[in-house]
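Just so you know, residue 1 is the first one in the sequence shown, and it goes up from there.
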Amino acid sequence: MAEQQQKGGDDEVLEVECALDMPEVVQRQDSLYRDASRAGGASHHGHERWGKTLRLAFQCVGVLYGDIGTSPLYVYSSTFTAGVRHTDDLLGVLSLIIYSFILFTMVKYVYIALRANDDGDGGTFALYSLISRHAKVSLVPNQQAEDELHILEQDDPKSFSRRRALATLQLASPAAYRAQRVKELLETSKPVRISLFLLTILATAMVISDACLTPAISVLSAVGGLKEKAPHLTTDQIVWITVAILVALFSVQRFGTDKVGYFFAPVVILWLLLIGGVGVYNLVKHDIGVLRAFNPKYIADYFRRNKKDAWISLGGILLCFTGTEALFADLGYFSIRSIQLSFGFGLVPSVLLAYAGQAAFLRKYPEEVANTFYRSTPTVLFWPTFVLAIAASIIGSQAMISCAFATISHSQALGCFPRVKILHTSKQYHGQLYIPEVNFLLGFAACVVTVAFKTTVVIGEAHGICVVLVMLITTLLLTVVMLLVWRMNAWCVALFFAVFMASESVYLSSVLYKFLHGGYIPVVISAVLMAVMMVWHYVHVKRYKYELERTVSPDKVRELLDGRDLRKVPGVGLFYTDLVQGIPPVFPHLIEKIPSIHAVLLFVSVKHLPVPHVDMSERFLFRQVEPREHKLYRCVARYGYRDPLEEAKDFAANLVERLQYYIRDVNLYGVDVDAKAGKVSYPSSRCDSMARSTRRSSMAMTMTMQQHYSSASYTESLALARARSTSSGATGRMNMNGLIMMPSASYTERERQGRSIYAEEMMTPAESFSELAMQVVPSGRYAASSQQLFQAAKMSLEEMAKIEEEQRYIEREMEKGVVYIMGENEVVARPHSSLLKKVIVNYVYAFLRKNCRQGDKMLAIPRSQLLKVGMSYEI
């Protein structure tokens, strides 16, 4: 339903934007454009074969359900901390568990939240990314026109009038109008954008905090079963056994979890079958009448009988749906249908039977509530149950640790987290990460929490506040997605918001009541993490604005390059900068201190877009800096927040290869430059083989003109196409089959008016020759004299020779070596800044930057090829 509404809503909002004189969206065959202009999940979770669905369903049991599946270990003991006062209370608690599990885990996450994914990625950070793709909510001013592929152009009067009429009809749609109003609110209100950002990093911090609490409570609950066979074991001994297992768990993270689904799935399946079977055994043996708990009236009876104590017990009941945030965050590895299949037919019956069986056991033995799980297990199954409990708790912990790694990776990619070393542990399974520094801190925190609190009751209270806060923030973000992206009916959105916000607020109030009993643990951890992320992001934004305000003007660049004392150094220089618009202010500083420049110099900006992946064909954007004889280029390397950064050597090779494509295409198709405005428009680089193109252009230079007519090679066809377009007054273009291709009306109109399409600081074409909407007509209608064709083709072949020479020049300089230049900028607060700002910038940020990974280490740049340029920024 959401996907259908999204499809219809896209058409509605396009017409609304037209009516409001907004830029028209260019429909290009561009993978990045498709990523940036549609709601997530449109392609990633399309119709798949049942064989693949079943395989994914099998795998996701091992990856996603370890945490949720181990909740029966500690839910009842955390709920009845003072013991069971009345046996009917068990019916009320079981009813709460059943309907809370169904409402939050099944309805909210599995059937609603999973569809609000960012092209296959889940989690609160992906929700923020999805919103930022439909509204400009980013606090960093580095948006480019090519990121959304919007262009400003004069409309044909007839087509504009037609769209205006359609838009008038579409404006009658309340959903489209509401979505437009929400978008305007998000983009124009800075407090709203800041609040959205703060909520997102709060959820991120809570997920990271949960990654140290989940291993502690899961493993401690499983190890606690040893007391059944070894009563002499003390609590401290149980705690230290748990610590030993935790140390081992975090120590093996460096080896990765390759083929994790196939390895873990059998263990978790056996665990689910075991707890489900034990649940059936307890129901039959003790009291099958507990199934009456499916009647929600027992919830009302429970609250009427226990009042405040019932409300307080909600802090233990909510542990039954812990792990849902990991389920949502790890969506990228699977499909929606596979999760729904395995969840509905595997997890739900097993877990609910386990809870019902434990309630039946406690109805007969209420005094055993402190260790319900192991006491309700048949004696003959104790050791298999114990081994599987340890294994399942480790698997559940692994899921949360992996979720924390992925969340930090996403945050760092968008400038919200200090630089840390991120290792990809699997070449086959994308997204499996290992972060050494974070892994050490999580393991240390998990051990400290276990040793300090010793029991699952206190850790469970801390665990609960993480779960419910993340759920509340997810509800808020989902509401925005429903209004902005899905454009759902207002009553449906209001019903969703009222039901989940009200119920989750009740759970939050319960866990906050025991704040001093353990709830403060994740709050303190999250507050520290939020402070780190806010400081890092604040200075990141300020530093970017500082550079943006002080970009070097074209006249200044020309003056620097035309200096008499400037020497040319052989080789290629890659000048790294965060700035995607203009030349950074550190460049004149470099020329002033070292009056030399490389034969080929590229200003490279590594930019992460709010999409999971950017295809390699769309990775690099180029623009040449005037004057051209100095071979200066600006380049933006675009990555998604899940894309790994290449090694420096591979990055340079890919960049130079794409630069050659750019040189070829920009010369073949032609360039219009307005030196004063500093703007440029040209077609995009194609991604076919450079070697093939070079060979064919060489062949074209030696062939006769008669051979040009009979040959269908790439460069020849381009030459003849340009010749025919020249001789026919630029009214048509020739394709590779000898047919004239007519450009779209808008393109012809622009050519007739003698103007180009410009986007602000554009580094990729607004319109590509190969991507124009063309109409093919017989070439006989545009006959031209043979002499004109031969002359134009000869001119084109001469241009091709110049292109090849320029490409060979780049290759020769590349062989002479690559030098990586990085700005080592010291950021300090201005002298008259407030004391708080001086502390944040001069001390806190300086400390974080000093103790985190430097840019050259993040990009794996060899020290022998690194040149650092120091400069001080006062922000």
Side-chain angles (χ1 to χ4, degrees), residues 1-17 19-20 22 25 35-46 102-137 166-167 169-187 189 192 195-196 199-200 203 324 328 331 336-337 339-340 471-505 610:
M1 179 182 69
E3 291 177 355
Q4 292 175 350
Q5 289 175 338
Q6 166 66 19
K7 183 178 180 182
D10 287 341
D11 297 332
E12 293 176 357
V13 81
L14 176 61
E15 303 301 341
V16 172
E17 290 176 349
L20 297 175
M22 298 183 70
V25 178
D35 268 343
S37 61
R38 71 181 178 207
S43 65
H44 182 85
H45 301 307
I102 292 174
L103 179 66
F104 298 118
T105 307
M106 181 179 290
V107 176
K108 179 182 175 180
Y109 277 94
V110 175
Y111 288 101
I112 297 178
L114 290 189
R115 297 195 176 277
N117 60 82
D118 183 26
D119 197 25
D121 267 356
T124 51
F125 200 90
L127 286 176
Y128 178 77
S129 175
L130 178 61
I131 293 170
S132 67
R133 282 167 47 190
H134 290 79
K136 296 178 181 178
V137 297
L166 289 173
L169 295 175
Q170 293 289 357
L171 280 172
S173 169
Y177 179 75
R178 193 180 306 112
Q180 187 62 32
R181 293 300 300 271
V182 171
K183 181 178 180 180
E184 291 176 359
L185 176 64
L186 292 173
E187 293 181 346
S189 175
V192 172
S195 300
L196 195 66
L199 285 173
T200 303
T324 49
F328 186 28
L331 168 65
I336 293 176
R337 189 165 69 172
I339 294 176
Q340 292 174 343
M471 291 179 66
L472 271 168
I473 295 171
T474 301
T475 298
L476 290 171
L477 296 180
L478 277 174
T479 303
V480 177
V481 169
M482 289 178 176
L483 292 170
L484 177 66
V485 182
W486 292 351
R487 305 177 187 98
M488 292 179 62
N489 182 277
W491 288 107
C492 294
V493 178
L495 178 63
F496 169 85
F497 182 81
V499 169
F500 287 100
M501 184 58 65
S503 56
E504 290 164 0
S505 297

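Using a 4.5 Å heavy-atom threshold, the side chains of Val192 and Val137 count as separate.
Without hydrogens or angle criteria, Ser503 side chain to Phe500 main chain gives a donor-acceptor distance under 3.5 Å. Judged by distance alone, with hydrogens and angles left aside, the side-chain atoms of Lys108 form a donor-acceptor pair with the main-chain N or O of Met471 at under 3.5 Å. Side chain of Glu187 to main chain of Ala135: no donor-acceptor pair is present (N/O by atom type, distance under 3.5 Å, no hydrogens or angles). When atom types are taken as modelled, the side chain of Gln340 and the backbone of Val110 share a donor-acceptor pair closer than 3.5 angstrom.
Ala203 and Thr124 make their closest contact through CB-OG1, 3.5 Å (heavy atoms, listed as atom of the first residue, atom of the second, distance). Leu484 and Ala179 get closest at one heavy-atom pair: CD1-O, 3.7 Å. Between Leu114 and Ile339, the shortest heavy-atom contact is CD1-CG2, 3.7 Å.
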| query | Which is it for Leu483 and Phe497 under the side-chain contact (heavy atoms from CB on, under 4.5 Å) test, yes or no, and what are the steps along the way? | reply | CA-CA 11 Å; Leu483 292 170; Phe497 182 81; over 6 Å; no
| said: I'd like to know whether Arg133 forms a side-chain contact (heavy atoms from CB on, under 4.5 Å) with Val485, so could you lay out the CA-CA distance, the side-chain angles of the two residues, the decisive distance to 0.1 Å, and finally the verdict. | reply: CA-CA 10 Å; Arg133 282 167 47 190; Val485 182; over 6 Å; no
| Checking side-chain contact (heavy atoms from CB on, under 4.5 Å) for the pair Phe104/Thr324: CA distance, chi angles, key distance, verdict? | CA-CA 9 Å; Phe104 298 118; Thr324 49; over 6 Å; no
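Between the OG atom of Ser132 and the CG atom of Leu186 there is a distance of 10.5 Å, given to the nearest 0.5 Å. The structure places OG1 of Thr475 at 5.5 Å from CE of Met501, a figure rounded to the nearest 0.5 Å. From Arg178, atom CZ reaches atom CE of Met488 across 10.5 Å, with rounding to the nearest 0.5 Å.
A side chain to side chain contact (heavy atoms under 4.5 Å, CB included) with Val493 is found for exactly one of Leu478, Val480, Val481, Thr479, namely Thr479. Among the candidates Thr200, Ile473, Leu199, the single residue satisfying the side chain to side chain contact (heavy atoms under 4.5 Å, CB included) test with Tyr128 is Thr200.
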